[in-house]
2 protein chains.
Amino acid sequence: MTVPTGVSPDRPATIHDVAALCGVAASTVSRALSMPERVNFRTRARIEAAAAQLNYVPNAQAKALSSGRTKAVAVLVADITNPFFFDIIRGTQLQLKAAGYTQLLVDTEESDEVEAITLEQLRQTADGVILTAPRLGDEALARAADKLPLVTINRDIPGIPSVVLDTPTATNQALDHLLSLGHERIAFIAGPDGSSSSQRRWAALSAAAQDRGADVTRLGPFAPRTYSGAAAADAAVHSGATACIVFNDLIAIGMLQRLRERGVRVPTDMSIVGCDDIFGADFCSPPLTTVTAPVEQAGRVAVTMLLGKINPGYGVSPRRHSVVPTHLTIRASTGPVPADRP
Amino acid sequence: MTVPTGVSPDRPATIHDVAALCGVAASTVSRALSMPERVNFRTRARIEAAAAQLNYVPNAQAKALSSGRTKAVAVLVADITNPFFFDIIRGTQLQLKAAGYTQLLVDTEESDEVEAITLEQLRQTADGVILTAPRLGDEALARAADKLPLVTINRDIPGIPSVVLDTPTATNQALDHLLSLGHERIAFIAGPDGSSSSQRRWAALSAAAQDRGADVTRLGPFAPRTYSGAAAADAAVHSGATACIVFNDLIAIGMLQRLRERGVRVPTDMSIVGCDDIFGADFCSPPLTTVTAPVEQAGRVAVTMLLGKINPGYGVSPRRHSVVPTHLTIRASTGPVPADRP
DNA sequence: CGAGTTTTGACAACCGATTGCCAAAATGTG
DNA sequence: CACATTTTGGCAATCGGTTGTCAAAACTCG
């Protein structure tokens, strides 16, 4: 039952083994496998048979070395702890695998240092990089981008293709939602100072507030973690706000927990709106009103754009910037303004 | 301000560029960088300076080709959708990066086919593989394992190093917990038939039940997804059980939702015990009593074992099998048996 | 059936590193 | 100062593929 390989029993078969087995040159095997039309179909059939028999798998390193492409794409996320990034990872994984690419996953731990070093290392290891919520400065990113195909997610830099989740629009919907419920003192619980998403949302929100004559205070910054929710909740209560629009669901869920501890009822005493609609937002207590972002889709789109850049003429993807729409999902964490607080 | 490289401005510097810049042979550069003691310290200093100046980064592919090691480890997970695997990924990522390894992430989509093919492909691309909850048969895995360093998580196969989360022990604790609360009709909500975790837990549980003269019924199999919880909940209700020990938190959370829809109160009418203590288990409603498994730690241990196998003498890691203890975390989804149901 | 055209496949250089081998240089010894 | 010993560093082969070049073979057609 053993396969008569004729080579060392254990070592993976090389192109030379295949060539030897059917009595042709190695280059012919290479051609038969990569440019089928350049080789006689009888020869090709023999080669294919031999390859199958020897269980031949091309060596990715060797291929990369001579062709200059690794067929690998790195996905850099700021924090694997955050469920938000899970959805990105899932989306990119799916799409990359479909295209025959390998996914390198790197956690940059919210550090621009790590980000920079990683990009430098990756230059020869990956054919391209997807950068999610990068912390690096515009200039550094632009420099990286012309050494290596790059697509950013949730960060828009001139000249660099990007996928942006249009959360500001939905955040403004959230504002209207809260205003319609009678809230007049609203707090925006900001994310990290370095986060461009947070900045964009605040910009949109404060503009909209002014436009509508509403009072929206900015609190923060807060780290995008559940445990930050406690401090955020306390700050919100102290500010006298009756409703909060929160940077992300992680913080929002932490706030929910803290508010319960403090005996502040949601939404009776305080309304909370999250952002992202991560895993858990629908089954926390109360289920969270939040901005639903098709994060996984953003990951897929980013991959498509990146592959389009890596292989020009691969598909028609002239778009360099993609804005993914989001919407407000109203659940149970928002309600009418408390009666005693007009 | 531009660096006087002397080479083509854009292409990454190679070892030859460095050699040329300081007038030595490429091999000397290689030695200076990898076996510092073999090269005169003056020469070495010059080489290091030149490398820094040229921003030299060794080409990983070339290195892999000649050395035979890629400095990459693949992590195969059955389903990236599942938060359980996030913790694994986080643990492995952390530990791999610390050791200077790259992480290749592959979602096998719960398919033994994909698993098998991936393992075959990876043979030359990764120095080793961590397989989480593999679906492949023992024999196929054993065959893969002697072509490529392999560590499994939650699957114990003779001859293959493994990290196993000791959930059965804690599941039995859960049984005692429920018995002490007066429950007499208990259901085990089983995971997929192919899951060895599910099998081990059921084996331990049914043995313990017999031992204690308790009545535990097995229901299922159910897919490990939130949406399976609906069917599981209905099956549990129909079975007349007053308490359920559930394969994992995903299903348990789904059950919580479905039970609420049906007007079955948890824990008043029905107690639920989950497993894994995933993100969300503490803030769902009611917070889930569950078996807490240090999943991230399991990932780290797996990496340590794997690296020990890849680099013999790397550290002292003679252990081929690691059992990670777990414990029952009692929250609010379990309570006394309903009064009307003795 | 031979000249002209196309197809086919072998050879060899190359990608960027590693490493065994050996000669040149530096050092030590008598 | 000559000789033995140790360092140091260069040459060249190698890893497993890709690809440009070109001769031989197969084909077309008059």
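Just so it is clear, the structure is predicted and the values come from calculations on it, not from any experiment. So you know, we letter chains A, B, ... as the sequences are listed, proteins then strands, and number each from 1.
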Of B:Ser67 and B:Val29, the one whose closest nucleotide on DNA chain D sits nearer the 5' end is B:Val29
Check the distance between C:dC15's C1' and B:Gln61's CD and give it to me in whole angstrom. 11 Å
Rounded to whole Å, please give me the gap between CZ in B:Arg42 and C1' in C:dA25. 16 Å
Heavy atoms under 4.0 Å, any strand shown: does A:Tyr56 hit a base, just sugar-phosphate, or nothing? sugar-phosphate
Base of C:dC15, side chain of B:Thr14 - is there a donor-acceptor contact under 3.5 Å? no
Given the options B:Val77, B:Val295, B:Leu76, B:Thr132 meets side-chain contact (heavy atoms from CB on, under 4.5 Å) only with B:Val77
Side chains of B:Leu105 and A:Val75 in contact at under 4.5 Å (non-hydrogen atoms): no
Side chains of B:Gln103 and B:Thr92: do they bring a donor and an acceptor to under 3.5 Å? yes
Do B:Asp138 and B:Arg155 touch side chain to side chain, with heavy atoms closer than 4.5 Å? yes
Whichever of B:Gln124 and B:Arg38 has the more 5' nearest nucleotide on DNA chain D, that residue is B:Arg38
A:Thr304 and A:Gln95: CA distance, side-chain angles, deciding distance, side-chain hydrogen bond (donor to acceptor under 3.5 Å, both in side chains) verdict: CA-CA 8 Å; A:Thr304 304; A:Gln95 201 78 351; 3.3 Å; yes
Hey, where on DNA chain D does chain B first and last touch, going 5' to 3'? Cut-off is any atom under 4.0 Å from a heavy atom. D:dT8 to D:dG16
Quick check on the helix from C:dC1-D:dG30 to C:dG30-D:dC1: what's the angle between its two end axes, five base pairs per end, to the nearest 10°? 40°
What is the distance from atom OG1 of A:Thr43 to atom CZ of A:Arg38, rounded to the nearest 0.5 Å? 12.5 Å
Nearest listed nucleotide, side chain of B:Ser27, among C:dT19, C:dA10, C:dG16: C:dT19
Is A:Thr28 close enough to C:dA10 that one of its side-chain N or O atoms is under 4.0 Å from OP1 or OP2 there? yes
Rounded distance in Å - NZ (B:Lys71) to C1' (C:dA17): 15 Å
Once you round it to whole Å, what is the distance between C1' of C:dA10 and CZ of A:Arg31? 9 Å
Is A:Ser34 touching bases, backbone alone, or none of the nucleic acid, heavy atoms closer than 4.0 Å? nothing
So, are B:Glu139 and B:Arg143 salt-bridged, with charged N and O less than 4.0 Å apart? yes
Tell me the interatomic distance from B:Arg69, atom CZ, to C:dA17, atom C1', rounded to whole angstroms. 16 Å
Counting side-chain heavy atoms from C-beta on, which of C:dT18, C:dA10, C:dG16 comes nearest to B:Ser30? C:dT18
B:Glu113 versus B:Ile117: any side-chain heavy-atom pair under 4.5 Å? yes
Whether A:Glu115 and A:Arg135 form a salt bridge (side-chain N of Lys/Arg under 4.0 Å from carboxylate O of Asp/Glu) is what I want to check. no
Please report, rounded to the nearest Å, how far the P atom of C:dA17 is from the CG atom of B:Leu33. 10 Å
